[in-house]
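These numbers come from the heavy atoms of this one structure, side chains and all, not from hydrogens, waters or symmetry mates. Order of the sequence lines sets the chain letters (A, B, ...), proteins ahead of strands, with each chain counted from 1. Because the structure is a prediction, the values reported are computed rather than measured.
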Protein chains: 2
Amino acid sequence: MRPHETIKPQKRKIRRGIGGMDLGAKSAGIKDIAKALNVSIGTVDRAIHDRTGVSERTKSKVLKMAEQLGYKPNLAAQALKLNRQLSIAVVLPKHISHFFDPLRAGIRDAAADNMGMQVSLEFFEYPRLGVGDVKAFSGMMERHFDGVIFLPGDARKFDSVIRKLSKAGTAMMCVGSDAPNTDRVGSVSAHASISGAIAAELIAHKLPQKANVVVFSGELSTLDHAEKLRGFAATLAVQSPHLTLLPALESHERPKEAYRQAMSLMEKGNHPQGVYVSTANSLPVLQALEELGLLGKVQIVTTDLFQDLVPLIESGKVLATLYQRPYTQGKVAFENLLAYLLKGSRQEMVVRLAPHIILRSNLSLFSSRATRPDEDPDEDLS
Amino acid sequence: MRPHETIKPQKRKIRRGIGGMDLGAKSAGIKDIAKALNVSIGTVDRAIHDRTGVSERTKSKVLKMAEQLGYKPNLAAQALKLNRQLSIAVVLPKHISHFFDPLRAGIRDAAADNMGMQVSLEFFEYPRLGVGDVKAFSGMMERHFDGVIFLPGDARKFDSVIRKLSKAGTAMMCVGSDAPNTDRVGSVSAHASISGAIAAELIAHKLPQKANVVVFSGELSTLDHAEKLRGFAATLAVQSPHLTLLPALESHERPKEAYRQAMSLMEKGNHPQGVYVSTANSLPVLQALEELGLLGKVQIVTTDLFQDLVPLIESGKVLATLYQRPYTQGKVAFENLLAYLLKGSRQEMVVRLAPHIILRSNLSLFSSRATRPDEDPDEDLS
DNA sequence: TTGAAAGCGTTACCAT
DNA sequence: ATGGTAACGCTTTCAA
């Protein structure tokens with residue numbers, strides 16, 4: 001038989017493409033190419049993966065044939081052979097658990113149903129947003145990880161850490177907030193300024209008359225919180241000039257502080273008619289309003305969803321809450337980090353999720369998550 | 001060297017588990033179990049997969065050891081070995097493309113980034129919701145598919161088809177709507193009655209006074225549309241008794257009809273103050289309102305997102321639109337169908353996605369999809 | 001520069 | 001009922 005034009009197995013072709021109107025998808029393997037060219041599969045591999053040890057001539061020959069035959073690598077075989085394993089660290093606060101628990105669950109799930117990859121996850125926790133983070137990080141840094149998923153709090157504190165770890169070859173992925181202008185490989189968060197904007201629009205729907213509104217925030221030094229405020233203020237200014245925004249209140253995530261602030265502001269005669277609580281820590285504020293008998297009278301938009309919020313939304317005492325989709329955030333963060341680690345996606349991967357607007361009418365679709373925080377949520381959450 | 005007890009490489013154990021505070025996840029393979037029990041890997045395989053040819057005794061022994069060692073199958077190897085290939089047909093209308101194109105894209109993407117599985121997708125199209133579907137189906141049924149993704153329109157028409165194909169061993173997955181009480185293996189859709197409920201709540205926010213409201217629907221024989229109406233009516237009755245719901249209008253997805261209906265209803269003096277268009281075909285209705293000078297005066301909630309809607313939302317002429325997340329629907333439908341086909345998930349997989357509420361303030365997060373309908377959307381759409 | 005062959009962890013088949 | 005082993009498609013090492 002002639003060297004070219006070999007008798008490639010003609011029967012086997014049958015297994016591919018059931019035929020018909022669908023183009024492409026012919027799918028040839030590495031050995032189909034080898035056979036067609038009468039070279040060894042080793043050579044084909046070298047050519048395709050741009051390895052050393054192939055003459056330019058054969059390389060281009062192989063590449064062309066690969067194209068022609070529609071080569072598609074068998075990912076399963078590839079994964080099996082190079083049984084790579086990655087180590088990924090997750091450094092997140094323990095508090096507030098109704099946010100970070102599902103976030104961690106999302107990471108875990110994404111890691112789990114990622115086949116062909118031996119991923120070792122390791123979780124590091126610290127008490128809350130500003131406290132203990134440094135210690136958690138230094139604990140983590142004693143070992144080497146291929147990537148770390150973390151929440152960038154105060155920018156000044158985290159910038160140097162990110163830089164240092166990145167230099168050491170660790171891929172840094174932000175979740176919950178972002179740290180722009182650093183070496184992080186990407187970030188996943190709910191779109192903060194749009195969250196603020198939505199809150200403003202919803203409150204404005206219910207306040208057609210002149211009125212005051214106020215924002216209860218957490219840490220304005222966290223980019224995320226600052227942006228929410230900005231979005232709220234901007235939307236108010238543009239869409240609802242009849243509403244006046246009072247100076248924002250910053251609780252630094254301390255419940256007592258939040259309660260005190262809410263009390264002193266709202267007990268006055270001309271209290272604001274609209275309230276946006278842009279931190280997940282809305283309970284103290286709500287409690288103050290409750291005690292003042294203002295629930296149901298004031299238009300309230302909160303952040304996140306948790307057990308105690310459910311009845312308040314159900315009864316219409318809270319107009320809406322903006323759900324930041326922690327589970328999805330975790331899932332996407334992991335998937336993108338993995339994509340970066342494997343395929344080296346070069347583009348800056350900044351994902352800003354659309355927050356879900358939870359009202360009385362669609363609460364039932366979400367309330368299960370608030371009840372059982374550690375459960376594996378269905379896709380309808382994504 | 002002896003046949004048993006070969007000089008297995010002892011160093012390799014090091015690759016597993018980088019150690020530390022994280023429980024579980026040790027990851028043992030099938031041959032680890034075999035080794036620990038001094039049986040062959042064949043036996044282990046039989047036990048684990050509940051195959052014939054193992055004594056109860058060894059089977060339970062193996063199962064226990066698997067548990068103890070934390071057996072986790074190597075999915076890559078599994079996929080490689082049983083190089084199964086599935087054929088999946090997708091039967092969907094061509095119209096309305098701003099809904100079905102991204103839906104198809106979601107299916108394609110889900111199929112693409114599913115590794116280790118040779119999936120052949122085949123698309124069948126028919127003109128629109130009630131027309132040509134029968135022909136498309138019979139064309140498809142000339143060949144055998146392992147699964148088909150389709151939109152169940154009129155229940156009576158589809159029931160028998162679903163039954164017939166199911167009996168023939170084809171897994172039927174509904175998308176866009178559901179067909180309960182049939183043999184379908186699952187469904188993915190936006191939660192219809194909650195869509196209606198949201199529309200009612202949003203309109204009520206803006207209509208604190210006594211007023212009439214109306215629903216423009218498509219095909220009330222399609223479950224999806226009927227449920228939207230039901231949700232709307234129920235929420236209105238419970239939450240906003242001051243609003244009166246006029247009899248619903250059914251356009252049968254004919255633009256002319258919808259326009260005519262809108263015109264004749266709205267030109268009257270005491271026209272409704274709130275309008276919910278529960279079909280994606282909202283343009284004719286909007287055009288009628290525009291011509292009557294009612295845009296901006298009447299509270300309108302629409303369905304889906306497309307190019308022409310963007311400026312209307314931006315300018316506040318449309319209060320909100322309920323985005324049914326076609327891309328995510330397609331993606332999830334495919335993933336669930338695949339899971340069923342592979343793992344034989346036994347539970348009825350009915351996924352009801354939470355529709356995204358698109359307002360003026362968060363429109364920018366979605367409008368890209370309306371502009372370039374065939375593009376691969378980011379995760380922020382999910 | 002190239003070819004040949006050993007494995008990766010499973011499954012499936014043929015012995016025993 | 002059980003053990004042994006070939007093969008899945010790829011990467012990698014060792015020879016030629």
Side-chain angles (χ1 to χ4, degrees), chain A residues 3 6 9 12 15-16 27-62 66 69-85 115-118 342, chain B residues 1-9 11-13 15-16 26-62 66 69-85 115-118 342-343:
Chain A
T6 358
R12 310 189 29 229
R15 17 176 300 254
R16 320 200 173 278
S27 174
I30 200 175
K31 59 172 48 161
D32 295 309
I33 301 176
K35 224 162 280 175
L37 257 39
N38 256 325
V39 298
S40 75
I41 60 173
T43 303
V44 174
D45 177 72
R46 284 182 281 253
I48 285 177
H49 293 287
D50 208 39
R51 290 186 228 282
T52 146
V54 243
S55 69
E56 274 308 321
R57 225 175 62 80
T58 41
K59 180 162 152 186
S60 67
K61 242 179 17 189
V62 169
L69 260 40
Y71 168 68
K72 264 193 56 187
N74 182 321
L75 298 182
Q78 203 161 357
L80 175 59
K81 181 57 195 169
L82 18 145
N83 201 351
R84 9 188 182 183
Q85 65 166 343
M115 60 141 295
M117 191 58 36
Q118 232 36 349
L342 295 185
Chain B
M1 55 187 100
R2 295 151 294 163
H4 275 226
E5 284 276 276
T6 357
I7 27 153
K8 44 206 164 167
K11 283 306 173 59
R12 312 189 21 234
K13 265 300 164 57
R15 19 176 297 256
R16 316 200 175 278
K26 277 277 163 283
S27 171
I30 201 174
K31 56 173 53 162
D32 295 309
I33 301 176
K35 225 162 280 177
L37 256 41
N38 257 320
V39 297
S40 76
I41 60 173
T43 303
V44 174
D45 177 72
R46 282 181 284 252
I48 285 178
H49 294 286
D50 208 39
R51 290 187 227 282
T52 145
V54 242
S55 69
E56 273 309 319
R57 227 175 61 80
T58 42
K59 180 162 152 187
S60 66
K61 244 180 16 191
V62 168
L69 261 40
Y71 168 68
K72 267 192 53 188
N74 182 321
L75 298 182
Q78 204 162 356
L80 173 59
K81 179 58 194 169
L82 18 151
N83 199 355
R84 6 188 183 185
Q85 61 169 343
M115 59 141 292
M117 191 58 37
Q118 226 50 339
L342 295 186
K343 310 193 248 283

Margin query: Would the distance check show the side chain of A:Asp32 and the main-chain N or O of A:Gly29 forming a donor-acceptor pair, the cut-off being under 3.5 Å?
Written below: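 Confirmed, A:Asp32 side chain pairs with A:Gly29 backbone.
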Tell me the interatomic distance from [X], atom [atom1], to [N], atom [atom2], rounded to whole angstroms.
X       : N      : atom1 : atom2 : value
B:Ile48 : C:dA12 : CD1   : P     : 13 Å
B:Asn74 : C:dG9  : CG    : C1'   : 5 Å
B:Arg51 : C:dA12 : CZ    : C1'   : 8 Å
A:Leu37 : C:dG3  : CG    : P     : 10 Å
B:Asp45 : D:dA1  : CG    : P     : 15 Å
A:Arg84 : D:dT12 : CZ    : C1'   : 14 Å
A:Ile30 : D:dG9  : CD1   : P     : 11 Å
A:Gln85 : C:dG9  : CD    : P     : 11 Å

Pairing residues for [X] by the side chain to side chain donor-acceptor pair (under 3.5 Å) criterion, not counting sequence neighbours:
X       : result
B:Lys59 : B:Asp50
B:Ser55 : B:Thr58
B:Ser60 : none

If the cut-off is 4.0 Å, is [X] near the phosphate of [N], judged by side-chain N/O to OP1 or OP2?
X       : N      : answer
B:Gln78 : C:dT11 : yes
B:Asn83 : D:dG9  : yes
A:Thr58 : C:dT2  : yes
A:Tyr71 : D:dC10 : yes

Report the C-alpha distance between A:Val39 and A:Ile33 in whole Å, list the side-chain angles of each, state the deciding distance to 0.1 Å, and finish with yes or no for side chain to side chain contact (heavy atoms under 4.5 Å, CB included). CA-CA 8 Å; A:Val39 298; A:Ile33 301 176; over 6 Å; no
Look for any protein N or O under 3.5 Å of an N or O in nucleotides 4-7 of chain C and output each such pair with its distance, or none.
unit_1: C:dG7; atom_1: N2; unit_2: A:Lys81; atom_2: NZ; d: 3.2
unit_1: C:dG7; atom_1: N3; unit_2: A:Lys81; atom_2: NZ; d: 3.3

Value for CG (B:Asn38) from OG1 (B:Thr43), rounded to nearest 0.5 Å, stands at 11.5 Å
Which sits closer to the 5' end of DNA chain C, B:His49 or A:Glu56, going by the nucleotide each is nearest to?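 It is A:Glu56 whose nearest nucleotide is closer to the 5' end.
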Between A:Tyr71 and the options A:Val62, A:Ile30, A:Val44, the side-chain contact (heavy atoms from CB on, under 4.5 Å) test singles out A:Ile30
### Message
Walk me through whether B:Asp45 and B:His49 qualify under side chain to side chain contact (heavy atoms under 4.5 Å, CB included).
### Response
CA-CA 6 Å; B:Asp45 177 72; B:His49 294 286; 3.1 Å; yes
- Query: For the residue pair B:Ser40 and B:Ala34, what are the closest heavy atoms and their distance?
  - Reply: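 Shortest heavy-atom contact: C-CB, 3.9 Å.
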Exercise for the section: Would you mind reading off the bend of the helix from C:dT1-D:dA16 to C:dT16-D:dA1 from its two end axes, five pairs each, to 10 degrees? Expected result: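 About 50°, once rounded to a multiple of 10°.
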